[in-house]
2 protein chains.
Amino acid sequence: MYSSELIKGTLKTIVLKMLAENKRMYGYEITQKVKDLTGNKIQITEGALYPTLHSLEADGILITETEYIGKRVRKYYSLSKEGQSKSKEKVNEFADFMNTMKFLLEIKPA
Amino acid sequence: MYSSELIKGTLKTIVLKMLAENKRMYGYEITQKVKDLTGNKIQITEGALYPTLHSLEADGILITETEYIGKRVRKYYSLSKEGQSKSKEKVNEFADFMNTMKFLLEIKPA
DNA sequence: TTTTAATACATAAGATTCAGATGTATTTGA
DNA sequence: TCAAATACATCTGAATCTTATGTATTAAAA
């Protein structure tokens, strides 16, 4: 687990990337996928995730569909057309940022 | 310039790295150095920098000395013993975080 | 020569964003 | 059967940053 401040500012990018890879996902699924892929190093809390999903939806970046799994409601999120380009844009920006930071912090390639 | 949220959480790491490289620096100097090294891509605002410097000082990570340049006061910041290890620690943590993100976002090496 | 830009410190108000706590309800597995 | 996992979500508060503002000195340009 990283110190909490590090994750800041990357949540939106992570969520958009996950949805770009998986067509549609529900909230809990996103938290688990990220946890799995990062070997528990990044754990998205629900208190952070849901407000983010809702704000992305409000901005037209995400689309939702509700389904019933038995009696339980499940809310799927997927990228809108706009969301697809937004996702690429965000990932590219982060890649650029990493290069800048790598240089600034003189980090040698792993 | 990156979207503001990206920088979040990295300010402390950047400041500590700058001081590890330069022995002692004053606030304004740090903002300019980072601006120069990143080709204006990262611009630390003073409203963000000074609270950070003060809190690092309060935590015993930084030491200050005040000097007069003409009539103007200049406040130099440098790493304490504890600050030196903290600096390495922070940079290493960020390097690790970048690797995790690179994998998660499937970013190919530049 | 005057006045603008740059240097250099700093604070304060507000926004954003995240963590942690809490809440509800269902379903699976021990 | 009862605990743990699944799945949604909200709310309070803490942390951190942005924008704006303020003071004062010094260098450079008009």
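All heavy atoms count here, side chains included; hydrogens, waters and symmetry mates do not. Each chain gets a letter, A, B and so on, in the order its sequence line appears, and its residues count up from 1.
- When the C1' atom of C/dA25 is taken as reference, atom OH of A/Tyr28 falls 14 Å away, rounded to whole Å.
- Distances shorter than 4.0 Å separate some side-chain N or O of A/Thr45 from OP1 or OP2 on C/dA19.
- To the nearest angstrom, C1' of D/dT10 lies 11 Å from CD of A/Glu46.
- The listed nucleotides are C/dT17, D/dA5, D/dT18; the one nearest the side chain of A/Arg72 is D/dA5.
- Taking atom NZ on B/Lys71 and atom C1' on C/dA8, their separation rounds to 16 Å, with Å as the unit.
- Taking side-chain N and O atoms only, A/Tyr50 has no distance below 4.0 Å to OP1 or OP2 of D/dT10.
- Among the protein residues, B/Tyr2 comes within range of no part of the nucleic acid, since none of its heavy atoms lies under 4.0 Å from any strand.
- Residue contacts for A/Gly27: at a heavy-atom cut-off of 4.0 Å it reaches the sugar-phosphate backbone alone, with no base atom in range.
- Side-chain proximity of A/Leu11 to the nucleotides C/dC18, C/dT7, D/dC17 is greatest for C/dC18.
- Here D/dT16 presents its P atom at 15 Å from NE2 of B/His54, a figure rounded to the nearest Å.
- Here the NZ-CG distance, from A/Lys75 to A/Leu53, works out to 8.5 Å after rounding to the nearest 0.5 Å.
- Following rounding to the nearest Å, B/Arg24 (CZ) and C/dA8 (C1') show an atom-to-atom distance of 15 Å.
- Neither OP1 nor OP2 of C/dT16 sits under 4.0 Å from any side-chain N or O of A/Lys8.
- The CD atom of A/Glu29 sits 8 Å away from the P atom of D/dA7 (whole-angstrom rounding).
- Look at B/Asp59 and B/Lys86 and you find no salt bridge, because none of the NZ, NE, NH1 or NH2 atoms lies under 4.0 Å from a carboxylate O.
- Hydrophobic clustering places B/Met18 together with B/Tyr50 (ILVMFWY residues linked when any side-chain heavy atoms are closer than 4.5 Å, directly or through intermediates).
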